[in-house]
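See structure below.
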Amino acid sequence: MIILMKKNASKEQIQSVVDVLGDHGLGANVSPGTEATVIGILGDKSKLGCIDLALMDGVDDCVPIMHSYKLASRDMCPQGRTVEIGGEVFGGEKLIVIGGPCAVENEESILQSAAGVKAAGATFLRGGAYKPRTSPYSFQGMEVEGLKLLRKAGDTYGLKVVSEIVAHEQLEDAAKYVDMIQIGARNMQNFQLLKEVGRSKIPVILKRGIANTIEEWLDAAEYILSEGNLNVVLCERGIRTFETATRNTLDVSAVPVVKERSCLPVIIDPSHAAGKMKYVKPLSLAGIAAGADGLIVEVHYNAKIAISDAAQQLSPQDFAELLAKVRELAPVVGRSL
Ligand code: PEP
Ligand code: MN
């Protein structure tokens with residue numbers, strides 16, 4: 001349930017509501033909106049017994065939330081949440097672009113790719129160090145050494161860095177070297193990982209699972225949020241369908257649906273959706289046109305020799321051309337790059 005306070009409700013009236021919730025073992029998420037403050041009740045509201053919060057001073061209305069997720073819901077934070085990392089804001093007017101290779105492969109490679117990502121105008125560098133590969137015989141990533149090289153490349157070119165972790169034991173190392181972690185599609189419902197990431201305050205990209213509904217995705221986000229970490233950015237990366245022309249099917253419609261149901265920023269990964277570099281540009285533009293807050297794109301300085309996902313990684317030049325198009329499109333949907 002959420003409590004809508006009256007427009008002119010005083011600080012004391014808001015605090016009284018929070019206190020009553022606290023007295024009954026319930027948490028409160030206070031969201032001061034432009035119109036009025038919204039208070040979300042965290043926990044089992046039956047603990048309130050017969051107390052009618054609607055009768056309290058300053059309360060305008062009490063509205064039930066129909067979803068199992070609360071902090072992730074738009075009702076709780078109608079103006080939308082933003083995630084800020086060193087001046088870069090996901091969910092603001094400016095689109096955020098993340099570029100970089102599928103995996104950190106060696107020092108020279110990540111430095112060269114980072115140079116291209118920076119030159120194109122992106123502000124974040126990606127690069128996997130713990131790779132969730134389909135086959136156990138495929139390259140599994142450079143692990144901590146990869147994180148260190150990613151950090152070095154980011155620092156060299158003034159880029160913030162993001163990398164995936166696949167187990168909660170990797171969180172401590174990742175937090176030392178990256179600005180943001182990614183939870184990949186295969187781990188969207190790794191609830192132990194979600195809880196640990198929730199207990200840390202590290203910003204996180206939560207990708208949609210390969211065969212998960214939007215509701216399951218938002219429930220997964222709630223695991224992180226409910227542990228106290230509000231720095232969650234969602235990422236649509238394509239879902240498994242009967243279509244084989246692309247690696248996955250980018251669910252563009254997920255963007256407006258998520259924007260309606262959830263307050264969290266959402267970005268698009270056109271690379272893992274497409275699986276082929278020639279489709280990356282149109283899918284990126286479709287995602288931005290649909291209202292996404294940014295992109296995460298695989299970029300390799302020489303994709304022909306990439307160890308993983310070679311077919312879908314853009315050259316730095318193609319990436320720069322893509323961003324030039326995004327820059328043209330952005331104002332049409334009220335954004336900038
Ligand atoms: C990745 O970003 O390299 C990756 C493995 O992504 P996904 O989890 O979307 O497959
Ligand atoms: Mn990849």
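Ligands are counted one by one from 1 in listed order, and the atoms in each one are counted from 1 as well.
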With heavy-atom distances below 4.0 Å as the criterion, list the atoms of ligand 1 near G184. 8 (O)
How far is atom 6 (O) of ligand 1 from its nearest protein heavy atom, and which residue and atom name does that atom have? K207 NZ, 2.9 Å
Counting the benzene-type ring for Trp, do F124 and F90 have ring centres under 6.0 Å apart? yes
Would you name the heavy atoms of K259 and L264 that are closest together and state the gap between them? NZ-O, 4.2 Å
Can you name the atoms of ligand 1, numbered from 1 with element, that are less than 4.0 Å from a heavy atom of E298? 3 (O)
Verify, without hydrogens or angle tests, whether E196 (side chain) and L193 (backbone) share a donor-acceptor contact under 3.5 angstrom. no
Do Q312 and R247 have side-chain atoms, one donor and one acceptor, less than 3.5 Å apart? yes
Under 3.5 Å: N/O of D309 near N/O of ligand 1: no
In the protein, what heavy atom is nearest to atom 4 (C) of ligand 1, and what distance, to one decimal place, separates them? H272 NE2, 3.4 Å
Without hydrogens or angle criteria, can the side chains of E222 and S68 be said to hold a donor-acceptor pair below 3.5 Å? no
Any N or O of E164 that comes nearer than 3.5 Å to an N or O of ligand 1? no
What atoms of ligand 1 come closer than 4.0 angstrom to any heavy atom of R237? 7 (P), 9 (O), 10 (O)
When you compare ligand 1 with R126, is there at least one nitrogen or oxygen pair between them that comes in under 3.5 angstrom? yes
Angle subtended at the Mn ion (ligand 2) by E298 OE2 and C102 SG, rounded to 10 degrees: 100°
Considering distance alone, does some N or O of A185 sit under 3.5 Å from an N or O of ligand 1? yes
In ligand 1, which numbered atoms sit nearer than 4.0 Å to a non-hydrogen atom of K131? 1 (C), 3 (O)
Show your working on side chain to side chain donor-acceptor pair (under 3.5 Å) between E215 and Y69 and close with a plain yes or no. CA-CA 8 Å; E215 292 285 296; Y69 49 88; 2.9 Å; yes
Going by atom types only, do H272 and D309 share a side-chain donor-acceptor pair under 3.5 Å? yes
Could you tell me whether the side chains of T123 and E88 share a donor-acceptor contact shorter than 3.5 Å? yes
In D309, the N, O or S atom nearest to the Mn ion (ligand 2) is which? OD2
